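Okay, structure first, notes after.
Here the structure is a predicted model, which is why all the values come from computation and not from measurement.
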Amino acid sequence: MELFLVEGGKPLTGSLSVQGAKNSVLPLLAAALLAGGTCELENAPQLSDVQGALDILHFLGARWQRQEECLLVDTGCANGYRIPEDLMHRMRSSIVFLGALLGRQGKAELSLPGGCDLGPRPIDLHLEGLRRLGVAVQESQGRLICTAPQGLRGSRVTLAFPSVGATENILLAACTARGETVLTNAAQEPEIVDLAGFLNAMGAKITGAGKSTLRVEGVKKLHPVAWRVMPDRIAAATWLAMTCASRGRICLNDFPAHLLQGVYPVLEEMGAKLRLEERQVFLAQEGRPRRVKQLRTMPYPGFPTDAQSVFLAVLTAARGTSLIVENIFSDRFRPVGELLRMGADVRVEGRVALVHGVRQLYGAPVEATDLRGGAALVTAGLMAKGTTVVQSIHHIDRGYERLEDTLTGLGASVRRITQ
Ligand code: EPZ
């Protein structure tokens, strides 16, 4: 089993380019099924979740090749439409293959994603939207059997909640549907903009991406393209929070600053000095971070739920008491139990956490509970006195490319060891 050894007390200083976005490359890989040829994805991060998506594509008959950060994916012979249980359960977000398979094959059979580390992962909004496009859905023994007896047809769809995954699945199915689809209350996340850009480059006709109403005019066929995956805004938020935690200074290069507009006010309330350029973010933290009166997670452009765990970790050693309200996932406070073992003082009531900043955290053996919770434990380890041993780091490898190399390159002491 692999684990991280984190020595506290070393500030992060330096500059870096941010990895490609996990939450963009995954839907892009599913969308490649609609190309029916070889797509080239540049800046594709090397993550276990990406490998999970490539394994699904391979199972469906696609071939892929990696050249450094560039992925070549040939879906010309990808005629499968069934995804087995084990491949689905390796990664909850594989549900995004549903819309792509419907767009490509007109049918799909996969297992329900079930719950995950963050709580239940329902897909009711996905299925309601797809039904509006003419998809017949059968559920039996945890398997989902979807067909489009009369083919996919454009329709008006309104999401009860701006679900990222549901927006992606409906977009993927609508591209080659007959007629126009109008999707209201759509997710506005930048990853939706990246997906729509990729699909439009393939010949789709999507307008309104990044706003709450998307219009898709169905086309007959899409064609392969080359595309550069956008930078990972959650990884970027993680490096900024860790720099704040360790009282360092960092420059994010070639990073569109607007992607984190919901995060900067929180960093400034914590006492960070920020300078934003169009494609660069500078942050410096002098002295102990200050508390945040109220941090609420919201759909984009609000504060992203995926950055909440790491910011909670920083606030456990901030000056004062912070209130965190998690509005997106019911089980996003899982790392709190492990942070308490390091001396944190956090009270959780449902979706609210009260964080009393302590003067000093202490290194301890802790266990990563999920991807962002694992990053939170590393963040706490950067602040703690002594050594923190983070176990179950496979969670972290799902979303951060060689985390230890990135942090060591910035002056931290983080070692990956095999026990
Ligand atoms: C995507 O998950 C991201 N994953 C998540 O990142 C991210 O936290 C989330 O969007 C919110 O931004 C990927 O892109 C691969 P949702 P997704 O559908 O699509 C409820 C990470 O750490 N809901 O916007 O699953 C749902 O239960 C991951 O990188 C329904 O009720 O998120 C949740 O409470 C974690 N019914 C809320 O909506 C549905 O049909 C947001 O879910 C769908 C969702």
Side-chain angles (χ1 to χ4, degrees), residues 8-9 11-12 118-119 233-234 236-248 250 260-274 281 283-364 366 368-385 388:
L12 296 190
L118 304 177
R233 61 193 171 98
I234 305 304
T238 303
W239 312 142
L240 294 175
M242 288 179 167
T243 304
C244 199
S246 60
R247 309 181 191 187
I250 194 171
L260 287 177
Q261 54 192 314
V263 175
Y264 301 133
V266 175
L267 287 164
E268 287 174 331
E269 190 177 349
M270 290 160 73
K273 294 283 174 289
L274 284 169
V281 176
L283 177 143
Q285 176 70 29
E286 312 249 327
R288 188 177 170 197
R290 293 197 297 267
R291 64 99 181 82
V292 172
K293 251 194 296 226
Q294 182 147 345
L295 190 165
R296 292 185 191 84
T297 63
M298 297 299 279
Y300 193 86
F303 189 93
T305 175
D306 293 343
Q308 183 261 91
S309 305
V310 168
F311 274 75
L312 185 154
V314 183
L315 294 171
T316 63
R319 183 179 310 129
T321 297
S322 306
L323 187 73
I324 296 177
V325 184
E326 170 54 55
N327 291 309
I328 308 293
F329 284 112
S330 57
D331 211 0
R332 190 58 106 171
F333 289 128
R334 292 187 66 186
V336 166
E338 297 301 293
L339 291 167
L340 297 181
R341 292 164 53 82
M342 299 175 70
D345 179 356
V346 185
R347 312 271 162 76
V348 173
E349 279 292 326
R351 291 185 174 237
V352 177
L354 199 60
V355 186
H356 298 290
V358 296
R359 266 224 159 277
Q360 183 67 62
L361 292 174
Y362 295 91
V366 289
T369 51
D370 60 274
L371 163 55
R372 308 303 174 182
L377 297 177
V378 173
T379 305
L382 295 174
M383 299 186 282
K385 192 176 176 63
T388 300

Measure the spacing between [atom1] of [X] and [atom2] of [Y] and express it to the nearest 0.5 Å.
X	Y	atom1	atom2	value
Arg351	Asp331	CZ	CG	10.0 Å
Phe311	Leu295	CZ	CG	7.5 Å
Leu283	Tyr264	CG	OH	10.0 Å
Leu340	Arg347	CG	CZ	9.5 Å
Cys244	Leu274	SG	CG	8.5 Å
Thr379	Trp239	OG1	CH2	9.0 Å

For the backbone of [Y] and the side chain of [X], can you confirm whether one donor and one acceptor N or O come within less than 3.5 Å of each other?
X	Y	value
Ser246	Leu12	yes
Arg247	Glu286	no
Arg290	Gly320	no

Gln294: partners by side chain to side chain contact (heavy atoms under 4.5 Å, CB included), with sequence neighbours left out: Arg296, Leu323, Val325
Listed partners of Val358 passing side chain to side chain contact (heavy atoms under 4.5 Å, CB included), at least two apart: Asp345, Leu361
Do [X] and [Y] have side chains that get closer than 4.5 Å, going by heavy atoms?
X	Y	result
Leu260	Leu240	yes
Met383	Thr316	yes
Ile328	Pro299	yes

If you take all heavy atoms of [X] and [Y], which pair is closest and at what distance?
X	Y	answer
Val310	Ala375	CG2-CB, 3.7 Å
Asp370	Pro335	OD1-CD, 4.2 Å
Ala368	Gly374	CB-CA, 3.7 Å
Ile234	Pro304	CD1-CB, 3.9 Å
Gly363	Thr388	CA-OG1, 3.2 Å
Ala237	Ala307	CB-CB, 4.1 Å

Qualifying salt bridge (charged side-chain N to carboxylate O under 4.0 Å, His left out) pairs with a residue from residues 260-272, counting only residues at least two apart or across chains: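 Every salt bridge (charged side-chain N to carboxylate O under 4.0 Å, His left out) pair that includes a residue of residues 260-272, provided the two are not neighbours, is Glu269-Arg291.
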Leu339 vs Leu312, side chain to side chain contact (heavy atoms under 4.5 Å, CB included): CA-CA, chis, key distance, verdict: CA-CA 10 Å; Leu339 291 167; Leu312 185 154; 3.4 Å; yes
Single hit among Gln285, Met242, Met270 for side-chain contact (heavy atoms from CB on, under 4.5 Å) with Val314: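 In the set Gln285, Met242, Met270, the residue that makes a side-chain contact (heavy atoms from CB on, under 4.5 Å) with Val314 is Met270.
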Stepwise side chain to side chain contact (heavy atoms under 4.5 Å, CB included) test for Arg372 and Phe329: CA-CA 12 Å; Arg372 308 303 174 182; Phe329 284 112; over 6 Å; no
Residues Phe333, Glu349; criterion side chain to side chain contact (heavy atoms under 4.5 Å, CB included); working and verdict: CA-CA 10 Å; Phe333 289 128; Glu349 279 292 326; over 6 Å; no
Any donor-acceptor N or O pair under 3.5 Å, side chains Thr305, Glu326: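 On atom types as modelled, these side chains qualify, holding a pair under 3.5 Å.
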Derivation and outcome, side chain to side chain contact (heavy atoms under 4.5 Å, CB included), residues Thr297 and Arg332: CA-CA 11 Å; Thr297 63; Arg332 190 58 106 171; over 6 Å; no
